[in-house]
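Structure first, then comments.
FYI, side chains are in, hydrogens and waters are out, and symmetry mates aren't considered; it's all heavy atoms of this structure. Positions are given from 1, in the same order as the sequence printed here.
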Amino acid sequence: MRRRAHAAFLGLVTLTLLGVAGCADEEVNPVNPDTTTTGEPPRDGVALAGLEGDVEVVVDDRGAPHIYATTFRDAVRVQGYLMARDRFPQMEMIRRNVTGRLAEFIGPLSPEALQADIAARVIGFKRIADRIYDELPADDLARVALDAFAAGVNVYIQEVRDGKVKLPDGAYLLTVLLLSKPEVFTDWTPQDSLAIGRFLAHTLSYDADQEVQLTRMAAVAAATFPAGDPRAGIFRDFYSFAPAQAVFTRDGFPNVGMDTGTRAALPERLDPAQAPQKRPGGPPSGPALPALDVLTAAQGFFDSAGRLRDELGDEFRGSNNWVVSGARTASGAPLLANDPHLSLPSPPLFWYAHLNTARAGGDLNVQGLALAGLPGVLLGYNDHIAWGATTAGHDVTDVYEETITEGQGGAADTVLFNGEQVPIEIVTETIKVAGKDDVVIELERVPHHGFIIPTIVEGKVEPRASTTALSVRWTGDEPSGELGAFLGLDLAKDVAEAQAALDRFEVGAQSFVVIDRAGDVFWSTQSRVPIRAEAAMTWDPETGTGLSPAMVLPGDGSAEWIGTLEDRYLPHDINPARGFIATANNDLVGVTADGDPFNDPHYIGHSYDPGYRIARITERLEELTAAGGVTPEDMSRLQGDHQSPLGRLLAPSFVEAAARAAEERATPGTHAELAAFVAGASAEDLDALAAAAARLSAWTSHETPAGVDIGDGAPSTSEVEDSIAVTIFNVSMVELVPLAFGDEATALGAQPSSAAIARVLQSAILAPQQLATFDPALGDTVLWDDLATPDLESRDERIVRAMLEAVSALRDRLGADMAGWQWGRLHTVRFVSQVPMLAGGSPVTLPTEDDPEFPGGFPRPGDNFGVDVANFGMWDTDSFDYGAGAVQRLVVEMTPDGPRAWNALPGGQHFAPESPHHADEAEHWRRNQAPEMYFTDDSVRAHQESRILFVPGG
C-alpha cells in the first residue's frame, strides 16, 4: 500500500493542541524584512558576529541570495544566517524530528511526538553525527563549514530570543511552545546539520523494513498457498526482482572481463578488500526464514520509522538525471538535467544559494540548492562543472536473525557469532518530555552488526522477551564524509576533481552525473557497497529457497560482509559513444534482467524502480541525439514529459475487453466468460461502458493533461479530450487492482507496493505466461479468479467490471456528463507546511485549503510512473493527489564561458506567507517552467531586488 508523504509527520498534532491558549494572530508577526534585506543598508553595514571581513549579499528578484565574501568561512556563516532568516521554523522542525527532540517542547499534547523521538533515537542520527563531527580535523573544510554555518544560524536564533525579530505567520507552534522555554530553545549545532544529512542518506538507502517485509511475505505465502496450490507461485509474482521495463543505463558492469582502467572514483577506500572472498561449505543449516512472530515484532518500530522517513517522501521517492555530450547538442556544449523526487512541503526542502569568494580572489563560485539545515551547495554548478544526483539503489543494509542467550549473574545477554558468545551492548537514550518525567529507553546493540530492532507497542518500547531478535547493519552507522564530498564538488574544476571529491561519498548510494567545460560527461554510482559471503547469496527465485541479502540473514557469522566492492566495478561511464547517460533509480547494469540479481559477477542490489521512467527517458534521448542539435529547451520538455506509461501499454487492452463485452451484448454466447457480466449489467451501464471505451480508443497520444484552467486560460479541446480519457483509464486501473489482486493481498495480509503491483498487472494483461501463477489449461494466470466466489473470473471480466465501477464512481464524484471528467479535477498536488498548526489550516501551505481558485490543490498533468513524477498509487480508489515529486527542475548548459542554468522550486525561498518569495517559484514549477538563473555578476546586478553589506562585529 502506498504510504502517503506527510509533509509534516506531526500533522496529527493539530488535533491534539486545540486547547492551547495564547496564540492570537496579532501576537505572531512576520520577520521585519527591513532589518536584513530590503532598502539600502547604512554605510557601515549590518554587523554580524564572527565575520573575518565584509560580505556583500545581493538578493535577486526570485529571492535567491548571492553571497560575496572574502573567505569560505564568511560565505557559509552568512549562508547560515540568511537560511535561518528565510526558513528557521522549517529547519527547527526538521532538526527536532531527526534528533528525537520533539517531545521536549510538545510534551504529552501529542503522543506521536514521543513515538517519533523513539524512532529517531533507535536509528541514531544524532549519535552518528556526533561521531562524524568528532573525527573531523579542525582544518577540514567540512568542519569549517559546519561551524560557520551553525554560528550564522545562531545569530538569528539569538535575535529571536532577544525579541528583535518575531517568527512569521504559520509558526504558532514554535512561538507558543518553544520560545517560552529557554532551556529547550537551544542553539543550532554542527551535529544538527550532520544529523539532517545522515537522515537524508537514510531515507535513500536504508531498507531494513523492506527486507523484513519480504521475508515475512515469503513465509506467509508459503503457508497460505503451499506447493500444489494454483497460487503457489504468488510470492514470485508479487515480489519479483525482474523489471517491468528492461532498460538499463549501461550494458553490464564496467571492467568485468576487460579492465579499461576507468574508475567510479579514486581507488583509495576505507576497506581495501578488492574481490569477493569464498567461504567453504554451502548455505547455513537450520530454517532459512525466521519465525513469523520474530518478524511481526519488528513492525511497530518500522511503522514509527516509516512515518519519520516520510518527511522526505513516500514509496515513490526517486529522481531523474541525464547528460548529453556536446557532440549532440545545438551549441556544442554538454547539457545536464536533474530533477530529484522527494516530498513536496511548503517551503520546499531546498533553498537557492550562490556562494562566491572568487570576486575577492578565492576559489569558490558555486550556485544551486542547499538542503534546509546544511551548509554549502548540494546540487548545482560552478564556473567549471555542473552535477546532479539520483538514488542508485545499491543494497547497503542487511537484517540478521540473532540467537540470544540470557546472561547469568548480572552478565550481559549474548549472541551467537562464529561459534562464540558475544555480549550485547546497552545504549541508553533519555528523551525529555515537556511536563512529564523523562522517558529512558535502553537499546541493545550487537557489536558486529548493529542495533536490535525493539518491539514497540502503542508507542512504547517493550522489553525483549524472546531469545531471537533481528539486528540491522547499515553502512550509515559508520562515520563518512558526504558533506566533504559535496563541498569538494562546489570547488571542483573538472571531471577528474569531481571524481576525487566523490571519493568521500560513502553513504546514500547516489548516481552522480557531471559535465565540465572541457566537454566531458561522466556518471558514477558512488557508495560503499558491501561484499557478502557466498553463503548469503544462495537464493533461487525459481524454487524460493536459499538465502539472499534481500531478506533476513542468519546472524551466526555465516552470511557476513567480507569486504567492500572496488570502485572500478561500481556502475559508471564517461563519454559513451551513444552521446548520453541517463539514470532514473533503475537497474543500472541489468542485474535483474533474468529476475535473479544474486547471480551476477557482483551483487549490488535487488530493489529498483520498475523501469517505466528510464524507458521513456531513454526513448526520447535516443530520438533527440539521433537528430542532433539538442537544446536546453529539449531537456526541460523531457523533464516535463507527461505521457502515461501504463496507459500506453494497457489502455488498448481495456478497449479490447470492452469491445468483446459489446460483442457478447450483441450476440450472446460470443464470449462466454463475459456472459454473466453482460447479463447482470443494465443497458445504461453497458452504454456507458461503450462510451468510456470509445474515449480510451481515441486516446492515441497517451498524454495526460489536466484539462482544466490552471490560471492561464481555457485548455484546448484536444487537451480536454485527452484529460477525460486519462481520468477514465486511471480510475479504471485503480478499480481493477483490488478486483484482480485484492483477494490474494487479503489472504497474505499485505498489499504489494504500487511498483510491484504495476509489474504484475502489466504481465497479467500482456504476458501472463511469464507469471508463476500461469495455468496452461486456462491459458492465463489464476490471479484473475476471485477466491471469494465460486465462479471463475477472467481477465476480460475483471477489466470491464473495473471500467464499469470507474464510470459509477466518476458519476458520483464528477457528475453524469463525461465531458466534465477532466483529470485536473482529481489529480492535484498541495505543498503542506512542515510546521503543524495549533488549529485550522496553515497559511504556509500552498495552495491553502481555503484558496478560492484551487481549494483541492494545484491541478496537475501526469500519472503513475511518468517522467514528471506525479504518482498517486495503484491501490487507493479515492484519492488521486500526490505528495512526492521534483524538488527542482535543473538544466545546465556548460559553455566554454561557464554555465547557463535554468531551475524552479516547488514553492518559494521564504517560509513567511507574507513574503513575495513565499509562492513565486511554485507558479513556475506547477506550469513546468524553469526560468534562467542569475549567475554572472552582470545578470545578478540586472535582477537585483535588494542589497545588504554585512560587516564584522555584533
Side-chain angles (χ1 to χ4, degrees), residues 1-14 90 93-94 97 112 116 199-200 203-204 303 305-320 339-350 371-372 391 585 609 613 642 704 706 730 734 751 753-755 758 823-837 841-842 844-849 851 854-889 904-908 919 921-922 925-926 928:
M1 176 184 290
R2 177 164 67 115
R3 293 184 309 207
R4 290 199 174 276
H6 298 282
F9 166 59
L10 292 181
L12 295 177
V13 172
T14 302
Q90 176 192 36
M93 290 303 298
I94 291 175
N97 269 284
E112 292 85 1
F199 172 59
L200 176 61
T203 67
L204 301 177
D303 288 343
R307 287 191 292 269
L308 174 65
R309 190 169 62 182
D310 284 350
E311 280 290 308
L312 291 188
D314 56 17
E315 69 170 277
F316 295 108
R317 64 177 65 85
S319 303
N320 303 320
D339 54 301
H341 307 154
L342 296 167
S343 66
L344 299 173
S346 176
L349 295 169
F350 288 92
L371 181 65
T391 302
N585 318 116
D609 181 88
R613 279 186 289 122
H642 296 123
T704 60
N730 279 308
V734 298
Q751 293 175 343
S753 70
S754 292
W823 183 226
R825 295 181 65 188
L826 295 179
H827 191 239
T828 61
V829 66
R830 192 189 303 278
F831 310 145
V832 180
S833 173
Q834 290 180 297
V835 181
M837 291 294 290
S842 173
V844 177
T845 292
L846 294 174
T848 57
E849 294 176 1
D851 184 88
F854 303 117
F858 294 125
R860 287 287 295 151
D863 63 2
N864 284 323
F865 312 111
V867 174
D868 186 11
V869 64
N871 301 299
F872 49 87
M874 298 287 288
W875 288 97
D876 192 340
T877 58
D878 295 323
S879 178
F880 296 89
D881 61 357
Y882 65 102
V887 295
Q888 71 166 351
R889 293 200 175 99
L905 297 179
E921 285 290 306
W925 186 96
R926 71 184 184 87
N928 282 84

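Between Met93 and Pro836, the closest heavy-atom pair is CE-CD, 3.8 Å. Here the closest non-hydrogen pair linking Thr845 and Ser833 is OG1-N, 3.1 Å. Closest heavy-atom contact between Trp875 and Ser754: CD1-OG, 4.4 Å. Nearest heavy atom pair, residue Ala870 against residue Pro861, reads CB-O, 3.9 Å. Minimum heavy-atom separation, Pro859 to Gly824: CB-O, 3.5 Å.
Side chain of Thr877 to backbone of Val734: no donor-acceptor contact under 3.5 angstrom is found. Side-chain atoms of Ser842 never come within 3.5 Å of backbone atoms of Met837 as a donor-acceptor pair (strictly under, hydrogens ignored). Looking at Thr391, its side chain never comes within 3.5 Å of a backbone N or O of Asn585 through a donor-acceptor pair. No donor-acceptor pair closer than 3.5 Å links the side chain of Arg926 to the backbone N or O of Arg860. With hydrogens and angles disregarded, no donor-acceptor distance shorter than 3.5 Å links the side chain of Asp339 to the backbone of Arg889. Side-chain atoms of Gln90 come within 3.5 Å of backbone N or O of Pro347 as a donor-acceptor pair. For the pair Thr828 (side chain) and Asp881 (backbone), a donor-acceptor distance under 3.5 Å is absent. Listed for the Ser346 side chain is no donor-acceptor partner under 3.5 Å among the backbone atoms of Val832. No donor-acceptor distance shorter than 3.5 angstrom exists from the side chain of His827 to the backbone of Thr704, with no hydrogens or angles considered.
Note that CD1 of Ile94 is 6.5 Å distant from CG of Leu371, once rounded to the nearest 0.5 Å. With values rounded to the nearest 0.5 angstrom, Asp863 atom CG is found 11.0 Å from Phe880 atom CZ. Between Arg830 atom CZ and Thr848 atom OG1 the span is 7.5 Å, to the nearest 0.5 Å. Annotation: the span from Gln888 atom CD to Leu342 atom CG amounts to 10.0 Å, rounded to 0.5 Å.
A 4.5 Å side-chain heavy-atom check between Asn871 and Tyr882 finds every atom pair outside the cut-off. Taking the side chain as every heavy atom from C-beta outward, Pro348 and Phe831 never approach each other to under 4.5 Å. At a threshold of 4.5 Å between non-hydrogen side-chain atoms, the residues Val844 and Val835 do not count as touching. By the 4.5 Å heavy-atom criterion applied to side chains, Trp925 and Leu344 are counted as neighbours.
Aromatic rings from Phe872 and Trp823 are positioned such that their centres are separated by under 6.0 Å.
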